[in-house]
Amino acid sequence: MDKELSPEVKQEVERQLAILQRGVAEILPAADLEKKLIRSVTTRKPLKVKLGLDPSAPDIHLGHTVVLNKLRQFQDLGHLVQLVIGDFTGRIGDPTGKSETRRQLTEDEVKENAQSYADQLFLILDRDQTEIHFNSKWLSPLDFTAVVDLAAKTTVARMLERDDFSKRYHSGQAISVHEFFYPLMQGYDSVALESDVELGGTDQTFNLLMGRQLQPHYGQEEQVILTMPLIEGLDGVKKMSKSLGNYIGIQEPAAEIYGKAMSIPDELMVKYYELVTNFPLDQLAAVKKGLAESTLHPRDAKMALAHRITAMYQGNAAADEAEAGFKRVFQERSLPKDIPSKTIASTDLEDGKIWIVPLLAKLDLVASNGDARRMVKQGAVKVAEEKVTDVDARIEVTEGMIIQVGKRKFAKVMMGE
RNA sequence: GGAGGGAUAGCGAAGUGGCCAAACGCAGCAGACUGUAAAUCUGCCGGCUCCGCCUUCGUAGGUUCGAAUCCUACUCCCUCCA
């Protein structure tokens with residue numbers, strides 16, 4: 001660091017750097033971030049920190065929060081966040097999705113999705129330090145001349161550096177020309193907004209760098225790239241994503257968030273602590289040590305993690321309740337507090353009895369009658385705390401009777417007409 | 001414009017006339033165990049009125065006692081050459 005700097009500035013920059021470096025995968029290049037921070041601190045001008053969002057999938061899950069938490073840290077340090085809704089990009093189609101022709105979103109849909117995004121994002125971000133932009137604003141007006149001009153700023157060889165492209169190229173798979181435009185468009189967003197920093201997952205590195213490459217051509221200083229690790233989903237292997245169904249949505253019920261968090265593999269706990277919570281780093285070191293030396297029970301560490309995550313999005317009280325429910329069901333093996341009620345029509349009964357197989361189906365506890373048979377055969381079914389293993393069993397149902405399939409599915413029977 | 005390859009259950013991938021409701025892997029579900037919905041092990045994993053029957057192997061026809069497997073047309077995808 002420059003020695004002409006006042007100790008105050010120096011100290012402040014160091015403080016900010018320490019916070020911003022937490023959990024990041026890469027800062028490209030690290031020296032530039034420091035340089036920008038020094039300038040920001042001395043001139044008291046916030047950095048403009050950009051994040052691009054896909055307008056078609058407005059359900060935020062923990063995977064997204066890795067990046068969002070980092071943005072929040074920038075805000076806490078006084079910086080400005082620029083969210084870019086990729087409505088233009090979304091209108092053209094999908095870059096890698098081959099067969100799935102993505103339907104064009106209408107203007108209204110884009111607006112609606114953006115609103116839904118905002119509602120969720122501001123659970124994490126500070127509204128007052130956030131700008132929302134739509135990239136169609138500057139991408140739509142570009143004419144072909146401008147596009148060619150933009151395309152001339154990079155080369156095919158450079159494009160083929162992208163892992164995805166080079167793999168497909170060498171294995172003889174198709175790459176459509178327009179796919180080259182996605183990184184360019186994203187890069188141009190940075191030009192349009194004069195971004196100082198752009199965030200993204202490590203899988204976005206190439207696209208992020210494109211902005212850095214383009215900015216000097218438009219007389220701007222290059223943005224700094226900050227990539228965050230991708231977080232594995234519940235299976236512990238693949239990255240968390242909605243389409244893989246291995247995600248924890250931040251708007252899910254507390255019990256779901258808590259339970260799902262409890263189902264992550266042990267090995268992932270520390271990473272989750274680091275990336276999806278604001279757990280203090282020095283305390284995290286203690287947790288790590290405790291786990292390594294077996295002085296801390298992994299289950300307890302995970303429960304604390306699950307509680308923390310739940311509390312972040314559903315509040316402390318809800319987290320307490322979720323935890324209590326979890327203990328009740330899984331540690332004490334007793335019934336949960338809230339069991340969904342389902343109605344059984346009296347016309348389905350014969351002498352007050354009903355065959356177990358359709359009963360389970362009617363209660364939505366199984367996918368099909370075949371599934372019901374399987375569950376019964378496997379000893380997964382309990383009626384009023386009694387295990388039922390006879391597929392032909394006739395059950396005498398009574399109002400308020402509890403039926404259970406497996407460990408997690410319950411229903412309370414209500415009698416209807 | 002020409003040549004070739006391919007479309008199989010949620011996904012990936014075998015099968016190329018009967019032993020195919022279709023191997024195997026992943027995902028999913030259940031049981032046991034435990035430290036939790038971790039890990040591990042075991043089982044299940046198209047539908048039904050389930051020792052039997054029905055509908056599935058891109059779509060529509062056809063050959064055959066019998067087809068995911070052979071033929072015809074169509075649709076879609078991919079590669080190579082120009």
Side-chain angles (χ1 to χ4, degrees), chain A residues 94 96-101 167-176 179 232-248 252-273 287 290-291 293-310 319 322-336 348 350 354-362 364-382 387-394 403-410:
Chain A
D94 188 80
T96 44
K98 296 159 212 171
S99 50
E100 323 152 34
T101 35
K167 270 193 199 134
R168 282 158 66 195
Y169 184 68
H170 288 297
S171 68
Q173 283 185 291
I175 302 171
S176 298
E179 293 185 52
E232 291 83 357
L234 304 180
D235 54 279
V237 181
K238 297 194 184 107
K239 85 167 183 181
M240 186 178 286
S241 80
K242 198 179 176 191
S243 53
L244 291 174
N246 62 353
Y247 68 102
I248 302 177
E252 293 190 73
E256 276 300 295
I257 296 181
Y258 191 93
K260 282 184 175 182
M262 285 306 286
S263 80
I264 64 166
D266 288 0
E267 305 74 62
L268 230 49
M269 268 195 279
V270 169
K271 191 166 181 184
Y272 269 54
Y273 263 113
V287 169
L291 288 173
E293 294 172 359
S294 301
T295 52
L296 173 63
H297 200 299
R299 179 202 54 203
D300 295 335
K302 204 184 284 179
M303 286 178 87
L305 172 67
H307 187 281
R308 206 173 186 90
I309 293 172
T310 310
E323 183 162 284
F326 185 86
K327 281 184 186 159
R328 190 160 43 234
V329 177
F330 297 106
Q331 291 184 350
E332 297 161 22
R333 289 287 163 101
S334 52
L335 300 171
D348 290 328
E350 239 176 82
I354 180 169
W355 181 24
I356 184 74
V357 169
L359 174 63
L360 298 179
K362 283 179 197 300
D364 288 329
L365 293 169
V366 293
S368 66
N369 285 6
D371 194 28
R373 285 167 183 279
R374 264 173 245 135
M375 291 302 128
V376 174
K377 280 184 200 150
Q378 290 181 130
V381 176
K382 274 189 194 168
K387 191 175 271 192
V388 175
T389 48
D390 177 12
V391 181
D392 297 318
R394 305 257 150 194
I403 317 259
Q404 176 178 4
V405 174
K407 295 190 183 73
R408 303 168 52 192
K409 282 172 289 200
F410 301 87

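- When both pairing distances are held under 3.5 Å, B/rG12 makes a Watson-Crick or G-U pair with B/rC24.
- Counting only residues at least two apart or on different chains, no side-chain hydrogen bond (donor to acceptor under 3.5 Å, both in side chains) pair has a member in residues 324-333 of chain A.
- Inter-residue side-chain proximity for A/Phe326 and A/His307 is flagged as unmet; no heavy-atom pair is nearer than 4.5 Å.
- Taking the side chain to side chain donor-acceptor pair (under 3.5 Å) definition, one finds that A/Lys239 meets it with A/Asp203, sequence neighbours left out.
- As judged by a 4.0 angstrom heavy-atom cut-off over every strand, A/Gly406 is placed among residues touching the sugar-phosphate backbone only.
- Contacts of A/Gln331 with the nucleic acid, taken as non-hydrogen atoms under 4.0 Å apart, involve only primed sugar atoms and P, OP1 or OP2.
- Contact between the side-chain N/O atoms of A/Arg299 and the OP1/OP2 oxygens of B/rG35 is not found at any separation under 4.0 Å.
- Residue A/Lys407 is classed as a sugar-phosphate contact, given heavy-atom separations below 4.0 Å to backbone atoms only.
- At the heavy-atom level, A/Pro298 lies under 4.0 Å from base atoms of the strands shown.
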I'd like a table of donor-acceptor pairs (distance under 3.5 Å, sequence neighbours excluded) in which one partner is a side-chain atom from residues 372-382 of chain A, with atom names and distances.
| residue | atom | partner | partner atom | Å |
| --- | --- | --- | --- | --- |
| A/Arg374 | NH1 | A/Asp371 | OD1 | 3.4 |

Every protein N/O lying under 3.5 Å from an N/O of nucleotides 43-46 of chain B:
| residue | atom | partner | partner atom | Å |
| --- | --- | --- | --- | --- |
| B/rG43 | N2 | A/Gln378 | OE1 | 2.8 |
| B/rG43 | N3 | A/Gln378 | OE1 | 3.3 |

Protein-nucleic acid N or O pairs under 3.5 Å, nucleotides 50-54 of chain B:
| residue | atom | partner | partner atom | Å |
| --- | --- | --- | --- | --- |
| B/rC50 | OP2 | A/Arg373 | NH2 | 2.8 |
| B/rC50 | N3 | A/Arg373 | NE | 3.1 |
| B/rC50 | N4 | A/Arg373 | NE | 2.7 |

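- Within 4.0 Å of A/Met375, counting heavy atoms only, lie sugar-phosphate atoms of the nucleic acid but no base atom.
- For residues 293-306 of chain A, the set of pairs meeting the side-chain hydrogen bond (donor to acceptor under 3.5 Å, both in side chains) definition, not counting sequence neighbours, comprises A/Asp266-A/Lys302.
- Using a 4.0 Å heavy-atom cutoff across all strands shown, A/Ile264 reaches sugar-phosphate atoms only and no base atom.
- Both A/Val237 and A/Val405 lie near RNA chain B, and the one whose nearest nucleotide falls closer to the 5' end is A/Val237.
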